[in-house]
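Working notes, beginning with the structure itself.
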Amino acid sequence: MTVDLAIVNGTVVTPAGPQPLTVAVRQERIVALSDRAHCPAAREILDASDLHVLPGLVEGHVHFREPGLTQKEDFGSGSAAAVCGGVTTVIDMPNTVPPTADAQSLRQKQALAEAKSLVDFGLLGVILPNNLRQLRGLVEAGALGLKVFMGMTVGNLPAPEDGDILEAWRLAAELGIPVAVHAESSVLVHHCTERLRAGGRSDALAHYEARPEIAEEEAIQRAILLAAAAGARLHVLHVSTAQGAALVGAAKRRGGAVSAETTPHYLLLQSADAARLGNTMKINPPVRAAGHAEQLWQALRGGAIDSIATDHAPHLPEEKRRRNVWEAPSGFPGVETALPLMLTQVNAGRMRLEEYVRWHCENPARIWGLYPRKGVIQVGSDADLTLVDLSRRDVIRAANLHSKSKVTPYEGWEVQGVPVCTLVRGQIVMREGQLVGRPRGRMLWPSREARAGRASDDAARLA
Ligand code: DOR
Ligand code: ZN
């Protein structure tokens with residue numbers, strides 16, 4: 001058998017650890033892993049000497065803004081940023097215009113994305129106060145999961161009442177798909193925001209005070225209780241507090257079907273950085289005070305938190321430059337900076353490379369029902385691969401980002417460890433920072449095993 005491509009001389013990060021292997025690719029999939037002597041004949045050879053070969057990152061949380069907000073991002077620019085950051089699969093959020101709230105809006109987004117996307121993608125639907133009757137159709141149209149915004153955020157989608165959440169999650173349980181929450185209490189956020197505004201505050205730190213830790217803690221606790229009552233599998237998005245992580249860990253120990261993600265910004269920044277970064281750093285939930293980050297690292301290591309996702313939330317630079325905190329939108333891009341930032345942490349000894357791969361490839365693929373097609377280098381999986389140079393140094397510059405949102409809280413950060421080549425289903429789409437592929441991204445449907453319900457390895461470890 002002659003294969004299409006062989007990636008030789010690299011160190012391949014498999015579930016069993018880094019190994020010197022050749023990866024053989026045929027018809028978009030990995031067909032063999034072998035030492036070089038036993039590699040099948042290949043039409044094309046990619047030399048990965050001095051490089052590590054990772055599964056392409058499965059990025060569980062992006063806002064690619066299609067349709068309706070494409071001045072901030074679209075699937076073309078977002079997926080270009082993704083592949084330049086070593087990401088080969090994204091899960092796109094439903095707070096677009098229109099929101100992904102019924103089958104028709106999901107199909108519309110699918111068509112727009114398939115025309116432009118360099119990466120494969122899954123779409124989440126949204127649960128609103130008034131769309132219960134649309135949800136079955138939304139799932140049948142291919143939603144990978146259903147998201148609830150428990151508190152008001154970008155898009156101003158109203159939080160459903162608890163009764164509506166319970167009904168919707170019972171349906172999700174019946175249909176076998178996970179539910180996801182943006183866990184901030186709308187009641188508490190509204191109360192705190194109004195108090196600060198009435199008091200005349202408009203500085204960047206007021207945002208941090210407007211969305212206190214208790215708002216996340218209360219919402220996560222309520223979500224865990226409601227999901228258990230509904231029998232639904234719950235994924236808690238962007239956990240920012242130590243308390244939130246502890247609640248997820250406790251629910252897992254009780255046997256709950258719960259998973260959680262945190263983000264590079266909660267792991268690397270702290271609220272005091274707002275004094276320097278202003279509204280560039282504004283995001284929901286806010287970056288917390290010193291101390292939370294260390295506990296979020298612990299939660300990853302201990303298995304309370306399963307995955308790392310970026311919450312890539314692009315806005316235009318001029319929007320982010322507004323001085324009045326209430327007028328600047330929340331969020332900043334992350335899909336291109338995550339891998340170098342995290343490889344820098346690997347180099348610093350904060351985590352092992354295979355832990356990072358578990359948290360940013362394997363576990364998100366499991367959570368969203370895409371494993372083992374995505375998230376792992378093994379025979380039969382899609383040939384989504386990211387070659388990284390762990391020794392190469394670089395400096396993060398907003399101006400170099402491929403997102404329409406040339407904004408980053410990491411401006412000037414020195415990193416060590418960068419992606420040098422990204423392949424999506426066997427096609428090279430990025431080489432040395434240059435885009436070289438065509439848009440061939442496809443929408444991903446949940447697998448049958450996923451519908452039967454299965455948590456991540458880390459959840460299993462804790463339970
Ligand atoms: O900061 C945020 N930005 N948090 C969200 O929940 C939404 C996101 C966005 O869409 O910009
Ligand atoms: Zn988000």
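Each ligand, and each atom within it, is numbered from 1 in the order the structure gives. Excluded from the calculations below are hydrogen atoms, water molecules and symmetry mates; all remaining heavy atoms, backbone and side chain alike, are included.
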Open item on the list: Check this for me: does any side-chain nitrogen of one of E355 and R352 sit under 4.0 Å from a carboxylate oxygen of the other?
Closed with: yes
Task: Residues R366 and E362 bridged, charged N to O under 4.0 Å - done: yes
Open item on the list: Heavy-atom distances under 4.0 Å decide this one: backbone, side chain, both or neither, for H61 against ligand 1?
Closed with: neither
Open item on the list: Check this for me, if you would: do E209 and R195 make a salt bridge, where the nitrogen-to-carboxylate-oxygen distance has to be below 4.0 angstrom?
Closed with: no
Open item on the list: Taking the ring of H265 and the ring of Y410, is the distance between their centroids below 6.0 Å?
Closed with: no
Open item on the list: I'd like to know whether ligand 1 has K282 as a neighbour, heavy-atom separation below 4.0 Å.
Closed with: no
Open item on the list: One thing to verify: whether R133 and D102 come together as a salt bridge, which I'm taking to mean a side-chain N less than 4.0 angstrom from a carboxylate O.
Closed with: no
TODO: Flag H238 as yes when one of its N or O atoms lies below 3.5 Å from any N or O atom of ligand 1, and as no otherwise.
DONE: no
Task: Salt bridge present between E319 and K282 (N-O < 4.0 angstrom) - done: no
- [ ] Spell out, as yes or no, whether a donor-acceptor pair under 3.5 Å connects the side chain of H315 to the backbone of S330.
- [x] yes
Task: Atoms in ligand 1 with a heavy atom of H182 nearer than 4.0 Å - done: 5 (C), 6 (O)
Task: Mode of M93 contact toward ligand 1 - side chain, backbone, both, neither (heavy atoms, under 4.0 Å) - done: neither
Task: R65: numbered ligand 1 atoms lying under 4.0 Å from its heavy atoms - done: 9 (C), 10 (O), 11 (O)
Open item on the list: Under the salt bridge (charged side-chain N to carboxylate O under 4.0 Å, His left out) test against R211, which residue among E218, E184, E217, E216 passes?
Closed with: E184
- [ ] Would you mind checking which non-hydrogen protein atom is closest to atom 3 (N) of ligand 1, with the distance to 0.1 Å?
- [x] S330 O, 3.0 Å
- [ ] Look at D382 together with K374 and state whether they make a salt bridge at an N to O cut-off of under 4.0 Å.
- [x] yes
Task: atom 7 (C) of ligand 1 - nearest protein heavy atom and its distance - done: T153 OG1, 3.5 Å
- [ ] Quick one: list whatever passes side chain to side chain donor-acceptor pair (under 3.5 Å) with Q134, sequence neighbours left out.
- [x] none
Task: Enumerated ligand 1 atoms positioned under 4.0 Å from heavy atoms of A313 - done: 3 (N), 8 (C), 9 (C), 11 (O)
TODO: State the count of protein N/O/S atoms located less than 2.8 Å away from the Zn ion (ligand 2).
DONE: 3
Open item on the list: Once rounded to the nearest 0.5 Å, what's the spacing between atom CZ of R425 and atom CZ of R373?
Closed with: 6.5 Å
Open item on the list: Given L157, N284, V154, D311, identify the one with the heavy atom nearest to atom 1 (O) of ligand 1.
Closed with: N284
Open item on the list: As an exercise, identify every atom of ligand 1 less than 4.0 angstrom from a heavy atom of H315.
Closed with: 11 (O)
